[in-house]
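This report concerns only the one structure given below.
Numbering of ligands and ligand atoms starts at 1, following listing order. Sequential numbering from 1 along the given sequence is applied to the chain's residues. Note that this is a predicted model, so its numbers are computed, not measured.
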Amino acid sequence: MVKKKSSKRSFYLGVPLLLLIGVIVSIYFWQMRLQKPMEVNMANHEHSSGAMSEAAMHTHSATGVSCDSIVPKETSGPTRKFDLTAAKTVLQLDNGKAVDAWTFNNTSPGPELRVTEGDRVVVTLRNKDIEDGVTLHWHGINVSCSQDGVAGVTQDAVQPGEQFTYTFVASAPGTYWYHSHQMSSVQAKKGLLGSIIVEPRDKSALLSSAKEVTALYQRLDSSMLLNGSAKGLNVPGKAGEQVRLRLTNGDNETMNFSVDGAPFQVIAMDGHDLHEPGLLNGTNIPVGAGQRYDLLIKLPESSKVIVRNQSAKGLSITLGSGSEPGPTEGGAMFSFVDYGTPLPDDPSSNRRPDRSFDLRLGQSLFVKTINGRSFHEIPPMNVKEGERVNITLVNEGGGDHPFHTHGHTFRVLSKNGIPLKGSPVYLDTLLLKDGETYEVQLMADNPGLWMAHCHNLGHASMGMTMMMNYEGITTPYRGGTKSGNLPDL
Ligand SMILES: [Cu+2]
């Protein structure tokens, strides 16, 4: 009787106690996940109170080169000027929804910037009324350190009423995009993004006659959009005409595309041409977050071509005229491992690296991790100018991880241990599916402080973000809650 009573009492005490412990543990981990440091110097990863980092800043700037002083080289090309003003705008979407968006020049996506290879591009960013501040990052364009647009690393976030002018040389033709890199997981989703296309200087190139179609996908609020529209895109065209379709994934999730009605080629990835790309038929194209794929499609005689975004039904791209092609069922998934042909005189295929890094992308309880750590707790990849750097990347779970490097294009050497057999593949964003391993190589030829992170920006904001730092480079900027520079660190 007595025994029964005490076990009953311990039951009544034990359950709430366990619940309380559970709540405390959960709050602790949520705090850990959400807590931003007060101040971090991303050049040396010191995070501390203001006074200490002040001292660290002085000792370092005495010997180093500031990122601020690394500016673009002169070019003989013409100067192209653009103005982008960030502002809060209520956008009336063509699906009937009104969205509280953040826009460039009152639109989302912002205006497409179209320049020519070799141009000196000058973009003045103004912030009308985005309270947290904004920046512009030129995704895929290897700009100078001071122009990379990462708040707290290469500049302070541009506050309401302020402006910042970016200058860079559009040195490599291709499909790129721009987006804010202040609280990027929030701001890109709110609409602060757009396309930038660098046309080749040699206009006599074979493809100059192809019809140009840019297709930028984004998620705004709960709506998936294609070039700002919730409806599909219709591009009229004649039989025999060639269309260059520039697919850009500005969302956080991988998008799979099917092409029905004609064979097609993948002529470029992340802006970089592929060598002798073969004709594909019914192959599905997986475009990771942040990636770009350029497709070349020759319009057939009497039917349309429909490029379907399997992840966003209703956002199809219809090319040409005539009857409607049926959907292609069960097509293979595109793989660049054996696509196209090798270059006959390949200059830099798989040479010995000067330095190697292993990055395991994964997750633990509430955070996304690289080698088991998150944010500024991940040691930077420290490199020296001129070095050949190999990086082995493994996806150990937690979804697709499209890994993006700032300031550098890397070459993919192997997938799951098997060397690439086809065209050389140069990317700035590599899509890693669960369990996949890739080895990539880059040349450390752009001194600076560079972010490297998952371009599922939700994952980046949960910790999957780190730095690649050149020896001797410093920054006067600080990330953290004190400065308000929060690039997702
Ligand atoms: Cu990820």
Side-chain angles (χ1 to χ4, degrees), residues 29-30 32-34 36 42 137 139-140 150 153 177 179-190 193 217-219 224 248-256 269-270 285-293 311-312 333 336 357-381 391-410 412 415-416 427-440 442 450-468 486-489:
F29 278 106
W30 270 107
M32 277 202 14
R33 152 155 147 46
L34 294 172
K36 299 286 181 191
M42 295 308 280
H137 168 62
H139 185 119
V150 179
V153 180
W177 62 302
H179 62 80
S180 178
H181 224 301
Q182 160 75 341
M183 304 170 88
S184 57
S185 59
V186 175
Q187 298 205 349
K189 221 177 192 168
K190 275 288 208 177
L193 54 84
Y217 288 84
Q218 74 190 101
R219 190 187 302 271
M224 284 292 299
T248 302
N249 184 349
D251 185 32
N252 283 333
E253 303 295 333
T254 303
M255 292 174 176
N256 292 318
M269 292 176 70
D270 283 0
I285 305 294
V287 184
Q291 287 194 303
R292 290 86 62 212
Y293 272 73
S311 327
M333 200 54 89
F336 57 70
F357 298 97
D358 291 312
L359 303 180
R360 292 175 289 105
L361 313 178
Q363 67 179 349
S364 62
L365 200 50
F366 286 106
V367 290
K368 299 284 176 183
T369 56
I370 301 175
N371 297 341
R373 299 191 196 187
S374 289
F375 301 113
H376 53 279
E377 303 292 351
I378 307 164
M381 294 184 276
I391 307 172
T392 302
L393 292 147
V394 186
N395 181 339
E396 293 190 336
D400 288 2
H401 299 308
F403 194 78
H404 173 54
T405 50
H406 284 220
H408 298 78
T409 302
F410 51 81
V412 184
K415 176 184 179 182
N416 298 333
L427 304 173
D428 55 68
T429 311
L430 173 68
L431 174 59
L432 288 104
K433 295 270 184 186
D434 197 2
E436 288 181 345
T437 299
Y438 290 85
E439 193 178 13
V440 307
L442 61 83
W450 305 103
M451 253 196 177
H453 61 91
C454 180
H455 223 286
N456 179 327
L457 295 174
H459 292 182
S461 75
M462 289 169 75
M464 200 175 272
T465 176
M466 65 182 296
M467 297 294 295
M468 183 173 79
L486 298 166
D488 286 330
L489 49 78

Any residue meeting side chain to side chain donor-acceptor pair (under 3.5 Å) with Thr254, in chain and number order, not counting sequence neighbours:
Asp400

Verify whether one side chain among Tyr438 and Glu436 offers a donor that lies under 3.5 Å from an acceptor in the other.
yes

Could you check whether His139 and Thr429, counting side-chain N and O atoms only, form a donor-acceptor pair closer than 3.5 Å?
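Side-chain D/A pair, Thr429 to His139: present.
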
Just wondering, are more than 12 heavy atoms of other shown residues or ligands nearer than 6.0 Å to NZ in Lys190?
yes

Would you call the rings of His404 and His406 parallel, tilted or perpendicular if under 30° counts as parallel and over 60° as perpendicular?
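His404 and His406: tilted rings.
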
Anything protein N/O/S under 2.8 Å from the Cu ion (ligand 1)? Just list residue and atom, please.
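Near the Cu ion (ligand 1), the protein supplies His401 ND1, Cys454 SG, His459 ND1.
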
In this structure, is the centre-to-centre distance between the rings of Trp177 and His455 below 6.0 Å?
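Ring-ring flag for His455/Trp177: true, centres closer than 6.0 Å.
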
